[in-house]
Amino acid sequence: MQRKRIIKVKDKTFAVSISERTLKSQIKRIADQINRDYEGKVPVFLAVLNGSFIFAADLLREIDLPLEIDFVKLSSYEGTSSTGNVREFIGLNVDITGRPVIILEDIVDTGITMAHMLEILKRQNPESIDICTLLLKPSKLQAKLDIRYCCKEIPDDFVVGYGLDYDGFGRNTKDIYTLIK
Ligand code: IMP
């Protein structure tokens, strides 16, 4: 299939900004780091839905460790700007007490969602919690977060594709696209 340089998602236009090839190589780099750092451990990966489903699927197939995966949800985003409100935390079915946990997120923007999630997860006394995000907007970060694994830092632009959405649409592309108008 020929890749499109420009796509339309609902009323907005986006241009390709991170290729599938770059995503793959950055994900492999992070997976190699996790394989090294977690050698001898049995981590629980918590993939934050909906945005991280493609990232989680690709990253986990590069992980060469015994592991468990669960899918959780806590979202604060509507349209193209963060609302600042955090919603309910749902979906955790694995007992993480005493376990090393790695959170998989599609993108850390203000970091408010992630900070809230950390707070909730810490109450269950895991052995450790690391954050692994596909994308990070460093200039938007408000919360104090220690992000151990990050595939790619991006400018303060709105992006879609590879799991990330605009108003529920645009998740099903192989590349990532940036809003142009
Ligand atoms: P935060 O709490 O501001 O860090 O927002 C994190 C959540 O907002 C992410 O999990 C995404 O669902 C969403 N988000 C932030 N920036 C973007 C973007 O550029 N495109 C799509 N979703 C985004």
Side-chain angles (χ1 to χ4, degrees), residues 3-20 22-23 26-27 30 44-60 69-92 101-123 129-181:
R3 285 302 141 60
K4 290 187 185 135
R5 285 193 42 76
I6 302 285
I7 58 167
K8 240 190 131 157
V9 181
K10 299 189 87 176
D11 58 327
K12 305 225 181 292
T13 307
F14 295 81
V16 71
S17 52
I18 311 174
S19 69
E20 179 186 15
T22 301
L23 290 169
Q26 291 307 309
I27 288 167
I30 292 300
V44 180
F45 286 82
L46 297 182
V48 183
L49 292 175
N50 297 330
S52 75
F53 74 107
I54 298 179
F55 172 45
D58 283 349
L59 179 89
L60 290 174
I69 169 84
D70 207 355
F71 298 89
V72 295
K73 199 160 183 169
L74 182 70
S75 150
S76 70
Y77 226 79
E78 273 157 31
T80 55
S81 70
S82 187
T83 62
N85 303 321
V86 276
R87 295 206 291 250
E88 216 192 338
F89 180 74
I90 50 170
L92 184 61
V101 171
I102 302 176
I103 303 174
L104 301 181
E105 178 65 292
D106 56 351
I107 186 163
V108 175
D109 184 306
T110 62
I112 292 169
T113 311
M114 186 56 77
H116 192 60
M117 185 166 298
L118 281 176
E119 219 174 87
I120 293 168
L121 292 173
K122 276 180 188 162
R123 288 185 211 141
I129 308 180
D130 277 324
I131 299 168
C132 175
T133 186
L134 177 69
L135 303 175
L136 169 68
K137 295 180 189 171
S139 64
K140 290 282 294 293
L141 201 58
Q142 291 173 24
K144 226 178 151 279
L145 290 178
D146 181 11
I147 298 175
R148 187 164 186 189
Y149 306 108
C150 169
C151 294
K152 199 144 177 39
E153 295 190 355
I154 61 166
D156 175 15
D157 296 319
F158 189 80
V159 293
V160 292
Y162 195 76
L164 290 114
D165 74 307
Y166 162 53
D167 215 8
F169 286 82
R171 296 190 196 273
N172 54 319
T173 64
K174 293 182 178 174
D175 308 295
I176 285 180
Y177 293 80
T178 296
L179 178 68
I180 50 172
K181 63 181 179 206

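Start at 1 with the first residue, then count along the sequence. Whatever order the structure lists ligands and atoms in, that order sets their numbers, starting from 1. When reading the values below, keep in mind they use all heavy atoms of this one structure, side chains included, and skip hydrogens, waters and symmetry mates.
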* Asked: Do Ile129 and Leu46 have side chains that get closer than 4.5 Å, going by heavy atoms?
  -> no
Q. Closer than 4.0 angstrom: is that true for some heavy atom of Met114 and an atom of ligand 1?
A. no
In this structure, CG of Asp109 is separated from CG of Leu135 (nearest 0.5 Å) by 10.5 Å
Is it true that Gly111 lies under 4.0 Å from ligand 1, counting heavy atoms only?
yes
For Thr110, the atoms of ligand 1 under 4.0 Å from one of its heavy atoms are 1 (P), 2 (O), 3 (O), 4 (O)
Margin query: Within the structure, is a non-hydrogen atom of His116 found at a distance of less than 4.0 Å from ligand 1?
Written below: no
Contact region, Asp157 to ligand 1, non-hydrogen atoms below 4.0 Å, reads backbone
- Any side-chain heavy-atom pair from Arg3 and Val16 closer than 4.5 angstrom? no
Going by the 4.0 angstrom heavy-atom rule, the piece of Glu105 near ligand 1 is side chain
Going by the 4.0 angstrom heavy-atom rule, the piece of Leu164 near ligand 1 is side chain
**Test item, Leu141 contacting ligand 1 (heavy atom, 4.0 angstrom)** = no
Please confirm whether Val159 comes within less than 3.5 Å of ligand 1 when only nitrogen or oxygen atoms on both sides are compared. yes
Would you indicate whether the side-chain heavy atoms of Asp106 and Phe55 approach each other to under 4.5 Å?
-> no
Under 4.0 Å from one or more heavy atoms of Lys137, ligand 1 contributes atoms 16 (N), 17 (C), 18 (C), 19 (O)
Counting heavy atoms under 4.0 Å, the part of Asp165 that contacts ligand 1 is backbone
Met117 versus Val72: any side-chain heavy-atom pair under 4.5 Å?
yes
ask   = Do side-chain atoms of Ser19 reach the backbone of Thr22 as a donor and acceptor pair under 3.5 angstrom?
value = yes
* Can you check whether Ile180's main-chain N or O pairs, donor with acceptor, with Thr13's side chain at less than 3.5 Å? -> no
Ligand 1 to Thr113, heavy atom cutoff 4.0 Å, flagged ligand atoms 1 (P), 2 (O), 5 (O), 6 (C)
> Can you tell if the side chain of Ile103 reaches within under 4.5 Å of the side chain of Leu118, non-hydrogen atoms only?
Replying inline: yes
